[in-house]
Amino acid sequence: MGKLPIVDGRAPIHAFYSSRSWIEGAAVRQLESVAAISGVRAVAGMPDLHPGKFGPVGCAILADRIHPAFVGSDAGCGMALFALDLPARKLRVEKAAERLRKIGRPYDGDIAGEIEAAELPPSDFDGALGTIGGGNHFCELQIVEEVFDASFGIDRQRAYILAHSGSRGLGHALLEQQMSEGLGPIDPASDKGRAYLHAHDHALRWASVNRRLIARRAAQALRCDAELVCQCSHNCVEHRADGLLHRKGAAPSDRGIVVVPGSRGALSYLVEPLAGAPPEALASIAHGAGRKYDRTSMMGRVGATKSDRERLTRNPFGGQVICDDRALLVEEAPEAYKSIAGVIADLASFGLARAVASFRPVVTVKKVVDLTAQKEDRR
DNA sequence: ATGTAC
């Protein structure tokens, strides 16, 4: 974060992680820098905390004004879980992977119709609707590993889709605009504040529609239907009675069940946030495993030979990874992430959430390079 | 993170 002014003293930082969650010193320093910013009222660090470009990821920040940097470049990014009417026992990994490959290509359906049906205003970035994007985004076919609480209707006979994506170019343009204006805090009652919140809300709705369309495309590819189980954003800001609550890589704990995914080589957990959670957690929980190692160090850690790449396209459960981008395949290797079991154990021991069910990855779709389209482009 | 800077 660099040097930041300390004006009113420092806001309280509450950490909801133990030593088992591999918290880097750099991430804690970023948290302290945030707490020292004038007008910041409280900071909560989650067990998936790790350093980010504009500040810590895996935290909630309560402030007197809007800080676009705390929302980051992908407002609305989040998780959505869907149940498929597809029997888990009928799944064949190779066949499913072959069918799911097509969702890595641009959506060739009626985007304008989707935008209209969702009552979204048209935008310059609608061409990306229904696509996964890059970075840590994915669409994963999963089966149930274990059900801890049957009352939420998780059915071990069914297959599931987990979509992690965001607002694509829309959120990026929103932060770019703020950066060009100095990236300072904004009074929510000002014209600028209202304009930011309006664009932010648009990005959140767009991202939610995007995740639903990704899941629908996946279901169509698998010749079945998808039914929403839960969805939420983990990059956002909301106006509350006690201030502006920013979540940067933190899921809400006041809107029902939440998926906390592990890496593509680990289980994902559906959790129930607990009503009796301490208020210092700022109505938030962890949003995933959290990065353990930065992207640039991963090539040296996992190797770059053909056999290294082959290993990276499979997961420890016998599942497959679809990722044509070699660098991304390495950067997002399971080894780059913390233990999701440790994150879930921390959430439980601090009284923030309890596990409802766990899921195992069968096929993870990342970036697909369409060779036929490339050839056509060259002509 | 990015219809991805040069």
Side-chain angles (χ1 to χ4, degrees), chain A residues 1 27 30 48-59 67-80 103-109 111-112 114-115 120-139 163-180 183 196 199-200 202-204 206-211 213-214 217 233-237 246-251 261 263-264 287-291 293-296 298 323-332 336-337 365-370 373-374 376-377:
Chain A
M1 292 286 289
Q30 285 190 334
D48 53 345
L49 184 76
H50 63 92
K53 190 176 176 185
F54 299 103
V57 180
C59 64
H67 291 253
F70 296 165
V71 175
S73 66
D74 191 4
C77 182
M79 300 285 167
I103 72 166
R105 294 203 288 260
Y107 179 56
D108 59 3
I111 288 180
E114 300 286 352
I115 291 287
L120 285 168
S123 84
D124 293 342
F125 306 97
D126 293 345
L129 195 74
T131 60
I132 297 166
N136 56 3
H137 292 171
F138 61 82
C139 177
H164 176 204
S165 189
S167 57
R168 313 288 269 103
L170 208 54
H172 187 244
L174 177 60
L175 188 68
E176 286 278 300
Q177 173 68 29
Q178 293 305 319
M179 285 172 73
S180 74
L183 205 57
Y196 178 85
H200 162 279
H202 175 212
L204 260 64
W206 197 101
S208 170
V209 172
N210 191 35
R211 290 186 285 272
L213 185 51
I214 290 166
R217 293 181 70 195
S233 172
H234 50 231
N235 289 349
C236 51
V237 59
H246 304 75
R247 292 189 181 95
K248 178 55 186 164
S263 75
R264 69 185 189 216
H287 81 312
R291 280 199 88 86
Y293 299 123
D294 65 276
R295 293 175 178 280
T296 48
M298 286 312 296
C323 183
D324 297 337
D325 181 329
R326 285 183 182 188
L328 188 61
L329 184 71
V330 168
E331 289 166 6
E332 288 291 314
Y337 285 87
V365 186
K366 297 284 292 177
K367 194 163 262 183
V368 170
V369 176
D370 191 340
Q374 270 192 351
E376 277 161 18
D377 285 348

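Just the heavy atoms: all of them, side chains too, but no hydrogens, waters or symmetry mates, feed the values below.
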Touch class at under 4.0 angstrom, heavy-atom based, for [X] against every strand present:
{"X": "A:D124", "result": "base"}
{"X": "A:G127", "result": "nothing"}
{"X": "A:G72", "result": "nothing"}

Give the rounded distance in Å between these two atoms: [atom1] of [X] and [atom2] of [N].
{"X": "A:L175", "N": "B:dT4", "atom1": "CG", "atom2": "C1'", "answer": "15 Å"}
{"X": "A:W206", "N": "B:dG3", "atom1": "CH2", "atom2": "C1'", "answer": "10 Å"}
{"X": "A:N210", "N": "B:dG3", "atom1": "CG", "atom2": "P", "answer": "11 Å"}
{"X": "A:Q177", "N": "B:dT2", "atom1": "CD", "atom2": "C1'", "answer": "16 Å"}
{"X": "A:E331", "N": "B:dT2", "atom1": "CD", "atom2": "P", "answer": "13 Å"}
{"X": "A:H137", "N": "B:dG3", "atom1": "NE2", "atom2": "P", "answer": "11 Å"}
{"X": "A:F125", "N": "B:dG3", "atom1": "CZ", "atom2": "C1'", "answer": "8 Å"}
{"X": "A:D108", "N": "B:dG3", "atom1": "CG", "atom2": "C1'", "answer": "16 Å"}

(Q) Under a plain distance cut-off of 3.5 Å, with no hydrogens placed, do A:N210 and A:S167 share a side-chain donor-acceptor pair? (A) no
**Q.** Residues A:D74 and A:H137: side-chain donor-acceptor under 3.5 angstrom
**A.**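 Short answer, yes.
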Q. Does some side-chain heavy atom of A:H246 sit less than 4.5 Å from a side-chain heavy atom of A:V237?
A. yes
(Q) Counting C-beta onward and ignoring hydrogens, is there a side-chain heavy-atom pair between A:R168 and A:W206 closer than 4.5 Å? (A) yes
Q: Measure distances between side-chain N and O atoms of A:K367 and base N and O atoms of B:dT4, and say whether any donor-acceptor pair falls under 3.5 Å.
A: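 Checked by distance alone, the answer is yes.
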(Q) Could you check, using the six-membered ring where one of them is a Trp, whether A:H164 and A:H287 have ring centers closer than 6.0 angstrom? (A)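 That pair fails the under 6.0 Å test.
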Q) In this structure, which one of A:H50, A:E332, A:E331 forms a side-chain hydrogen bond (donor to acceptor under 3.5 Å, both in side chains) with A:R291? A)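 Only match with A:R291 under side-chain hydrogen bond (donor to acceptor under 3.5 Å, both in side chains): A:E332.
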Q. Under the side chain to side chain donor-acceptor pair (under 3.5 Å) test, which residues partner A:E176, sequence neighbours left out?
A. none
Q. Taking a pair as Watson-Crick (N1 to N3 plus N6-O4 or O6-N4) or G-U wobble (N1-O2 and O6-N3), both under 3.5 Å, which stems of 3 or more consecutive pairs involve DNA chain B?
A.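 So far as stems of 3 or more pairs are concerned, DNA chain B shows none.
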